[in-house]
Every structure is written in structure tokens, then in C-alpha cells.
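This report refers to the structure that appears directly beneath it.
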Amino acid sequence: MVVGLHVLLGWALVSGLAQRMVEVIKAPIETKIIEENKPPPPPPPENLPPPPKFAPPPPSFVPPPEVNVNPPPTPAPTITTVQTPPPPAPVTIAPPPAPAAPPAPAAPPAPREPVRVAPRVDFNICEKPEYSAAARRAEVTGTVVVVYTADERGAIVDAQVERSAGPTREHKMLDRLTLEAVRGCTKGVTPGTVDGKAEKLTGRVTYVWKLE
């Protein structure tokens, strides 16, 4: 196929086909301007009414200039004091004074407490209690308080230990010796009195045990 195309092209060149094509292209070309056919203008109208006349537009509105007027100053408020007279005081009529009450009777005097003086035991007259051999060997000390009762003549009718000298057996021995000395005192006891009169009263005696 390729060989055939080359043979055909060579033949065309030899036969002058190309020359004829060039001559055809060199021929003159004629151009014409074709004008568009316009229709004729319409005839002028006849017996037509004249165009309406419009009134001229009103003039444009121009607002007047604003004028700022300052209002007059407001007066400051004033406080006015109006004094109102007080109402008249009511008139009251006081009742007549009541008759004076009789004076209250004087209260009876309070009963006077009787003056009591407790009995007293003087160991400077009575026989003092002495250490026992066991208590001295133990070297115990302490204070014994004995509560006793003496009659009008000064005799001891009752006696009890109120406070012990201590917890040991030797301390209890000091308690017993003190109690025996108080019960055996007959001349050194001063009876108690009530308003100066001898009566049966209760007293206390304190005896201190110490080694000398």
C-alpha cells in the first residue's frame, strides 16, 4: 500500500495535476455587497389628537431649619415648714384623795438566838495520854479528834473517836489511849452553857501525838 501511494503521487506530479490546481486557485474572485431591503416607512398619521399636556411638577419641599430653644431653668424645690399648733391638752378631773390608811402595826422583834458555849476539856488539869511501848517503838504520830458530851456538872457522859490518827494498828492504839484519857478526865472539864446557864452540850477535843 505504501508503495502504491508513492507511485500515485509521482504520477500526479508528472502529469501536471498540481499545475492545474495552482491555476484554478489563481483565478480572480468576484465579491458583491447585497443590501438588505428595508420596508418603506409608514405614512404619517392623520387626524390624531394632540398629546396631553401635563401640569408642571410641584416644587420640591425644603424643611425649615430647626431652631433649638433652651427651656427656662426649673426653680429648685423649696421646703416650707408650717407649724401646726398642738391640740389642747385634755382636761381631767382628779378624784378626791382617798383617806390615809392607818399605819401598819410594827413587826414583832425576831427571836434572839441563844448564846451557846461548848464544853471544854483542859489536859493541863486532866491526865494526858501517854505513848504505849509498841506505839513508841513504831514511832507513829498523828492527830486524834474525839467528840464528847458533858452534863451540867462537867462530867463526861459519852465520847467517840471522830478522826483517827492513822490506819495501822499502832495508830488505832493512839486513838484508844486518847479516848480513855477524855473519858477519865473529871476535874478538867468545863460544862457548856446556854445564855450563861450550864447545860448538857457536845464538844470536841483534838490531841496531837508526836515524839519528843
Side-chain angles (χ1 to χ4, degrees), residues 73-212:
T74 304
T78 59
I79 300 174
T80 304
T81 303
V82 178
Q83 295 183 355
T84 304
V91 179
T92 57
I93 301 175
R112 183 179 62 85
E113 292 291 334
V115 179
R116 296 175 180 271
V117 179
R120 184 170 58 89
V121 174
D122 189 358
F123 279 109
N124 293 324
I125 300 175
C126 297
E127 185 178 356
K128 296 180 180 181
E130 296 292 338
Y131 267 101
S132 63
R136 187 175 293 277
R137 284 195 304 268
E139 295 183 354
V140 293
T141 59
T143 301
V144 181
V145 178
V146 176
V147 178
Y148 63 93
T149 302
D151 59 9
E152 298 85 351
R153 297 172 299 167
I156 302 296
V157 296
D158 188 22
Q160 300 292 332
V161 175
E162 184 180 54
R163 175 182 172 186
S164 176
T168 65
R169 183 180 61 180
E170 288 78 9
H171 287 105
K172 301 302 180 183
M173 188 177 297
L174 297 181
D175 297 343
R176 182 175 54 81
L177 293 174
T178 305
L179 188 60
E180 291 176 356
V182 172
R183 289 176 176 175
C185 185
T186 55
K187 296 181 181 180
V189 178
T190 303
T193 60
V194 177
D195 291 336
K197 183 181 179 181
E199 288 191 10
K200 182 180 179 180
L201 297 175
T202 300
R204 285 176 174 81
V205 60
T206 303
Y207 192 83
V208 178
W209 291 86
K210 59 183 179 178
L211 296 171
E212 297 180 354

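Atoms considered below: every heavy atom in the structure, side chains included; atoms not considered: hydrogens, waters and symmetry mates. Along the sequence shown, the residues carry numbers beginning at 1.
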**Request:** Could you please spell out the steps behind the side-chain contact (heavy atoms from CB on, under 4.5 Å) verdict for T206 and T143?
**Result:** CA-CA 7 Å; T206 303; T143 301; 3.4 Å; yes
**Request:** Please lay out, stage by stage, how V144 and L177 fare under the test side-chain contact (heavy atoms from CB on, under 4.5 Å).
**Result:** CA-CA 10 Å; V144 181; L177 293 174; over 6 Å; no
**Asked** Passes side-chain contact (heavy atoms from CB on, under 4.5 Å), V147 versus T202? Steps please.
**Response** CA-CA 7 Å; V147 178; T202 300; 3.5 Å; yes
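In this structure a side-chain-to-backbone donor-acceptor pair under 3.5 Å is present from D195 to V115. Not one N or O on the side chain of Y131 forms a donor-acceptor pair closer than 3.5 Å with the backbone of E139. A donor-acceptor contact shorter than 3.5 Å links the side chain of R183 to the backbone of A159. Using modelled atom types, one side-chain atom of D175 and one backbone atom of A165 make a donor-acceptor pair closer than 3.5 Å.
Between the CD atom in E170 and the CZ atom in R137 there is a gap of 9.0 Å [rounded to 0.5 Å]. Between atom NZ of residue K200 and atom CZ of residue R153 there is a gap of 11.0 Å, rounded to the nearest 0.5 Å. The distance from atom CZ of R204 to atom OH of Y148, rounded to the nearest 0.5 Å, is 10.0 Å. A distance of 6.0 Å separates OG1 of T141 from NE2 of H171, quoted to the nearest 0.5 Å. Taking OG from S132 and CG from L174, the interatomic distance works out to 6.5 Å, rounded to the nearest 0.5 Å. Taking CD of E127 as the start and OG1 of T186 as the end, the distance is 10.5 Å to the nearest 0.5 Å.
Looking only at side-chain heavy atoms (C-beta outward), V140 and W209 stay at 4.5 Å or farther from each other. Taking the side chain as every heavy atom from C-beta outward, T190 and V117 never approach each other to under 4.5 Å. Looking at heavy atoms from C-beta onward, V146 lies out of side-chain contact with Y207 at the 4.5 angstrom threshold. A heavy-atom distance below 4.5 Å is not found between the side chains of E180 and P129.
Counting all heavy atoms, side chain and backbone alike, M173 lies closest to A134 at CE-CB, 4.2 Å.
Sorted by first and then second residue, the pairs that involve residues 165-212 and meet disulfide (SG to SG under 2.5 Å), not counting sequence neighbours, are C126-C185.
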